[in-house]
Amino acid sequence: MEKELITGSEALIRSLKQEGVKTIFGYPGGAIMPVYDCLYDHQEDVRHVLVRHEQGATHAAQGYARVSGEVGVCIVTSGPGATNAITGIGDAMIDSTPLVVIAGQVVAGLLGTDAFQEIDLVSVTQPITKWSYQIRRPEDIAWAVARAFYIARSGRPGPVVLDFAKNAQVAKVAYEPYVIDYIRSYVPAPDPDPVAVEEAARLINESKKPFALVGQGVELGNAREELLAFLKKADIPAGCTLLGLSALPTEHPLNKGMLGMHGNLAPNMKTNECDVLIAIGMRFDDRVTGDLNTYARQAKVIHFDIDPAEIDKNAKATVAVLGDCKETLAAVTEKLVQNRHDEWIDSFADYEMKEYDAVIGNEVHPKEGPITMGEVVNLVTEATENKAVLVTDVGQNQMMAARYFGFTLDRSMVTSGGLGTMGFGLPAAIGAAFGAPGRTVCLFCGDGGLQMTLQELGTIMETGIAVKIILLNNSFLGMVRQWQELFFQERYSSTPMTNPDFVKIASAYHIPGRSVCVREELPQAIEEMLAAPGSFLLEVGVIEKGMVYPMVPAGDTVTNVLLGT
């Protein structure tokens, strides 16, 4: 019996469905048109979300992946369509987000001729992907898609690019589903070393002042329960990285807050007081460590990670526990003794009180003056009972949201960490809303970042997806202005913003909105926003020259923290 011949485009869609894909974010164009024509016949079981810019497609796919645990998928055309996706691909790489980007390409016979909308996408994206491959023949489609998804989702997740020549899209092929669960020379998760497990457990059992650093790897490894069991058995206090904030419930007694440049005072100070530092699924980013020459020099370091490249890259590990943290945490926990560190844990309280008196009390519960970002974040998280998905843009809005939003559920923190991409927030929130149906998605953004991808309000209008947009408007590029105030003698070069009427813009997209500048109106406005059946834009006029404290100056020691001017 002869096998059915189908087009390469049909083979692509069937391959995507084979991988369980139900939602795609994208934007059509000439070099990918055959695929879009094929999508027309699969509308019942594959939803395509038409964004307004290819960067929006990648960020939406990232938001979808981060909350769902699935691979985010986007489809774009060649040339400028593909290059517009570069920022999101780079963002996904540094933040370990599983992403498959399918880009149209000119026919194989024209490659290298500078044909219309041709660009060497494989060469451009190789440094910022786990794998980048050009499909020139329809016979390679099923294999390439299966390999792409295996690479994107396995081990340390990340983005994969498939550059899809137009001739391969239209040519016929005898399609057969393809499954890949092994690639020679590619080891997604190293097998745990029993000697390392034993040594890590010994160091923790003997420790008097253990401290854990919790990163996004816990979320990516679906290891929240294993983390909680590990911390509880050995009675280990923990701090969380920006991307790891929802890996541990905010109100958990062992959760001592956020690490890093704008993190909480206690976990930063205790990093340089502990005797054993336990890093779990985090990469010792410079925003967490500050000056590595003075970072935790007194401590023995245990580093749990799935990626061997991260071991000793920044902080030198005494013991490296390689492997999937869901497995390695359980293995070490089994060898831990039940312990108590009451005196050590109680010692965090002095720093917590100091930070509350110097920063938190004034930021979250101001008695007078303009509305602060912190009080807005606090009111929203209280109104959602710490159960919402938090999405942020980048800047002061991001740091304030990270500091004062609360989490009870995992996979609830969506932000651009390593790349710090302004404009990330709005499309990522749209993707998160598709990826976590039934959950409230709260986006905090600033007036600068929102305007970088403002066109994605059109995607909200077309899809009817619900995103609660909280615009913290200070009429400045706030974080740059903060640095100018602290380190550039208050020379505010190109940071004041002349802004449009954001509520009117939202209204043009049929999105209701409200602007608030008076503190007494804020609780009712938040209630109105959350009660709205779909999306809502709440613009809050906040203090123009507000500051995010604490702050560790870039490159300084984490204990040289600023609590205010």
Side-chain angles (χ1 to χ4, degrees), residues 7-16 19 21 23-39 46 48-62 64-65 71-93 97-138 140-149 151-152 158-171 427 431:
T7 66
S9 295
E10 177 69 21
L12 173 73
I13 303 305
R14 291 191 189 184
S15 297
L16 292 176
E19 297 295 334
V21 175
T23 302
I24 296 170
F25 303 90
Y27 202 96
I32 198 68
M33 203 174 297
V35 170
Y36 271 87
D37 183 66
C38 186
L39 270 172
V46 179
H48 179 269
V49 179
L50 176 64
V51 296
R52 270 39 182 182
H53 190 283
E54 292 88 356
Q55 181 180 346
T58 56
H59 293 331
Q62 286 178 273
Y64 181 92
V71 177
V73 180
C74 52
I75 299 178
V76 299
T77 193
S78 65
T83 57
N84 281 345
I86 296 295
T87 298
I89 294 169
D91 196 290
M93 184 65 177
T97 304
L99 201 65
V100 170
V101 178
I102 300 159
Q105 182 57 279
V106 301
V107 297
L110 290 178
L111 289 168
T113 68
D114 291 333
F116 178 65
Q117 291 193 333
E118 179 195 0
I119 194 165
D120 185 355
L121 186 62
V122 171
S123 295
V124 169
T125 57
Q126 274 181 338
I128 54 170
T129 55
K130 288 186 72 177
W131 187 51
S132 188
Y133 181 76
Q134 188 172 75
I135 302 173
R136 299 186 183 186
R137 308 183 313 144
D140 297 333
I141 292 168
W143 168 85
V145 171
R147 185 181 175 100
F149 275 80
I151 291 172
V160 171
V161 166
L162 294 178
D163 193 35
F164 198 7
K166 195 170 184 179
N167 61 287
Q169 299 174 36
V170 298

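Bear in mind the structure is a predicted one, so any value in this text is a computation, not a measurement.
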A.B. asks: Sub-3.5 Å donor-acceptor pair from the side chain of Ser9 to the main-chain atoms of Gln169, do we have one?
C.D. replies: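 Such a contact is found between Ser9 side chain and Gln169 backbone.
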A.B. asks: In Å, rounded to the nearest 0.5 Å, how long is the span from CD1 of Ile89 to CG of Leu99?
C.D. replies: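 These two atoms lie 7.0 Å from each other.
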A.B. asks: Taking Gln105 for the side chain and Asp120 for the main chain, is one N or O donor matched with an acceptor at less than 3.5 Å?
C.D. replies: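 Such a contact is absent between Gln105 side chain and Asp120 backbone.
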A.B. asks: Measure across Ile32 and Ala103 and return the closest heavy-atom pair with its distance rounded to 0.1 Å.
C.D. replies: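 Heavy atoms of Ile32 and Ala103 come nearest at CD1-C, 4.2 Å.
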A.B. asks: Heavy atoms only: give me the nearest Val106-Ala115 pair and the separation to one decimal.
C.D. replies: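 Scanning both residues completely, I find the closest heavy atoms to be CG1-CB, 4.1 Å.
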A.B. asks: Is there side-chain contact between Thr58 and Asp91, with at least one heavy-atom pair below 4.5 Å?
C.D. replies: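 With C-beta onward as the side chain, the pair stays apart.
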A.B. asks: Under a 4.5 Å cut-off applied to non-hydrogen side-chain atoms, are Val124 and Ile86 in contact?
C.D. replies: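 In contact.
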A.B. asks: Would you name the heavy atoms of Val122 and Tyr133 that are closest together and state the gap between them?
C.D. replies: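 Closest approach of Val122 to Tyr133: CG2-C, 4.0 Å.
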A.B. asks: Return yes when atom OH of Tyr27 has more than 12 non-hydrogen atoms of other residues, nucleotides or ligands closer than 6.0 Å, and no otherwise.
C.D. replies: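 It does not: Tyr27 OH has 12 such atoms or fewer within range.
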A.B. asks: How about Pro80 and Gln117: do any of their side-chain heavy atoms sit closer than 4.5 Å?
C.D. replies: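 Counting from C-beta outward, Pro80 and Gln117 do come under 4.5 Å.
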A.B. asks: I'd like to know if the side chain of Lys130 reaches the main chain of Gly158, judged simply by a donor and an acceptor atom lying under 3.5 Å from each other, with no hydrogens or angles considered.
C.D. replies: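 No, the answer is negative, given that no donor and acceptor are paired below the 3.5 Å cut-off.
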A.B. asks: Is it true that a side-chain atom of Asn167 and a backbone atom of Arg137 form a donor plus acceptor pair closer than 3.5 Å?
C.D. replies: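 No; judged by distance alone, with no hydrogens or angles, the pair does not exist.
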A.B. asks: Please examine the side chains of Leu162 and Trp131, heavy atoms only from C-beta on, and report whether any two atoms are closer than 4.5 Å.
C.D. replies: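 Yes, their side chains come closer than 4.5 Å.
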A.B. asks: Measure the CD-OG distance between Glu10 and Ser15 for me, rounded to the nearest 0.5 Å.
C.D. replies: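 Interatomic distance, Glu10 CD to Ser15 OG, rounded to 0.5 Å: 9.5 Å.
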A.B. asks: State, to 0.1 Å, how close Ala65 and Thr97 come at their nearest heavy-atom pair, and which atoms those are.
C.D. replies: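 Taking every non-hydrogen atom into account, CB-CG2, 3.9 Å.
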A.B. asks: From Ile141 CD1 over to Leu16 CG, what is the distance, rounded to the nearest 0.5 angstrom?
C.D. replies: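 Output value for this atom pair is 10.5 Å.
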A.B. asks: Minimum heavy-atom separation for Ile24 to Cys74, with atom names?
C.D. replies: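 Shortest heavy-atom separation between Ile24 and Cys74 comes out as CG2-CA, 4.3 Å.
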A.B. asks: Between Ile102, Val145, Leu121, which is the residue that forms a side chain to side chain contact (heavy atoms under 4.5 Å, CB included) with Phe164?
C.D. replies: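 That would be Ile102; it is the only one of Ile102, Val145, Leu121 passing the side chain to side chain contact (heavy atoms under 4.5 Å, CB included) with Phe164.
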A.B. asks: To check you understand the geometry: which heavy-atom pair defines the closest contact between Gly56 and Pro427, and what is its length?
C.D. replies: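 Closest pair (atom of Gly56, atom of Pro427, distance): O-CB, 3.5 Å.
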A.B. asks: Indicate yes or no: at least one non-hydrogen side-chain atom of Arg136 is less than 4.5 angstrom from one of Leu111.
C.D. replies: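 In short, these two side chains touch, coming nearer than 4.5 Å.
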A.B. asks: Going from OG1 on Thr7 to CG on Asp37, what distance comes out if it is rounded to the nearest 0.5 angstrom?
C.D. replies: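 If we round to the nearest 0.5 Å, Thr7:OG1 and Asp37:CG are 8.5 Å apart.
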A.B. asks: Are the side chains of Phe116 and Leu110 in touch, meaning some heavy atoms are under 4.5 Å apart?
C.D. replies: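 With C-beta onward as the side chain, the pair stays apart.
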A.B. asks: Under a 4.5 Å cut-off applied to non-hydrogen side-chain atoms, are Leu50 and Pro28 in contact?
C.D. replies: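 Side-chain contact under 4.5 Å: yes.
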A.B. asks: So, applying side-chain hydrogen bond (donor to acceptor under 3.5 Å, both in side chains) with Glu54, which one of Asn84, Thr77, Thr87, Thr83 is it?
C.D. replies: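 That would be Asn84.
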